[in-house]
Trainee: 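Would you mind keeping the following structure in view while I ask a few things?
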Amino acid sequence: MTQAVCILGVTGSIGQSTLRVLQQHPDQYSVFAVSAYSRLDELLEICKQFHPKIVVVPNKKALELQQRFKQENLNNIEILTDEAGLVAIAEHSEVDIVMAAIVGAAGLLPTLAAVKSGKRVLLANKESLVMSGDIMMQAAKQHNALLLPVDSEHNAIFQSLPHDYLDAERTGQPQLGVSRILLTASGGPFLNHSLEQLSKVTPQQACKHPNWSMGQKISVDSATLMNKGLELIEACHLFSISEHFVTVVVHPQSIIHSMVQYVDGSTLAQMGNPDMCTPIAHALAWPKRLATDVPALNLFDTAQLDFQAPDIIKFPALDLARQAMRAGGLAPTILNAANEIAVSAFLQHKIKFTAIPEVVGHTLQVVQNAKAENIDIILHTDMIARQVAETYIVDIGG
Ligand code: NAD
Ligand code: MG
């Protein structure tokens, strides 16, 4: 019997890496359902190769997809649409494992649906946890879902923590002899740029990450260090630890993917070549191990490992995220929404790279924070924050 996998965001960078791992283990996993947003050509190729039973696309693409399925003799694949379709495949009774790899807030409801259905949920879509924090973690506990981190840093932390850490009491304090989490950051493509140089960088330069090949949004987030800010919030929720116990360490080689320190003076690190197939395989099979085509690390070729503190003057996004986590409530939702709008405006050449944290800072100041009591309040605040950010972008000439 194979385990049935649902891949939300199959045409993206994480989606493709997931397929790369799955295709090496057809005896253990089958692709039951997938979703895509715009890239129908890629989706069609995936369907021909992996034969999912259900695909989800936006309603406006459904007719075109249906015709193309007909041409390719793929009529037996069911097509569902929009958010309702995403939720339906995420909570489908035949699905065992959900890969949450949609980018941004659009992944929130399907990811939460998978958690509430008690699935093994492989979390790449960090924005959904940043927005829904306690609600997502409580739902995982209540519904016995296994929420496993795919983000390479969090996966590394998970591998370096005591094996029963996820079952420990959730107090915000490190447990079981752990004293601190060291969250590593590559520093992105502009690590050594001056502020003056940063104000002139183009979307094309920002999307060219030195170590990882990723989608556009996360590439820009890596360049502003907002990605590390979102990951700081993600770590606090996943491992129930206050931000005070998480130190960000810039490590430009991306060989150590993060570390955990213990009260006895030990520091445990997980290392490997920067390839998302490793954390994906880990989360798929945990506590077992699954072979991948990622070459083992050759330490003789790894000339050196460098570490430095992040420069929060040049990269204020990281500090904005830390402050949002400290403020709690809806602040992380506001931060995330403003960032999504700002990144999209930057990618469309409407604002400068250095305006991204400015838009986020402004939105955090203007939108009222409150308790994140339920998903409706979170979604409403997400919408308000997007409007405030968009208006500010127009005000500054974007
Ligand atoms: P990507 O842009 O390559 O892919 C995004 C996927 O989401 C695509 O399949 C797209 O069709 C789908 N999508 C986009 N907008 C959508 C919408 N409104 N509704 C439904 N589907 C939509 O992104 P990615 O790099 O694969 O990243 C996916 C997620 O994983 C992000 O949250 C990112 O932060 C996280 N992540 C990525 C990496 C990486 O190496 N790429 C590493 C760690 C975490
Ligand atoms: Mg990461």
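Order of listing sets the numbers, starting from 1, for every ligand and every atom in it. Values below: every heavy atom of this structure, side chains too, minus hydrogens, waters and symmetry copies.
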Trainee: What orientation do F158 and W286 show, parallel under 30°, tilted 30 to 60°, or perpendicular over 60°?
Mentor: tilted
Trainee: Please state whether the rings of H92 and F32 are parallel, tilted or perpendicular, taking 30° and 60° as the class boundaries.
Mentor: tilted
Trainee: If the criterion is any heavy atom closer than 4.0 Å to an atom of ligand 1, which residues make the list?
Mentor: G9, V10, T11, G12, S13, I14, A36, Y37, A101, I102, V103, A106, A124, N125, K126, E127, D151, M214, G215, I218, M276
Trainee: I'd like the atom name of the N/O/S atom in E231 lying closest to the Mg ion (ligand 2).
Mentor: OE2
Trainee: Excluding sequence neighbours, so at least two apart, what forms side-chain contact (heavy atoms from CB on, under 4.5 Å) with T171?
Mentor: E169, Q173, Q175
Trainee: Please test E42 against Q16 for side-chain hydrogen bond (donor to acceptor under 3.5 Å, both in side chains), starting from the C-alpha separation and ending with a verdict.
Mentor: CA-CA 10 Å; E42 281 95 329; Q16 296 286 327; over 6 Å; no
Trainee: Crowded around K48 NZ? As in, over 12 foreign heavy atoms under 6.0 Å?
Mentor: yes
Trainee: Checking one value in my table: which N/O/S atom of E153 lies closest to the Mg ion (ligand 2)?
Mentor: OE1
Trainee: Does H237 offer a backbone N or O that forms a donor-acceptor pair with the side chain of R170 under 3.5 Å?
Mentor: yes
Trainee: Parallel, tilted or perpendicular for H193 and F190, by the 30°/60° rule?
Mentor: tilted
Trainee: Identify, by name, the N, O or S atom of D151 lying closest to the Mg ion (ligand 2).
Mentor: OD1
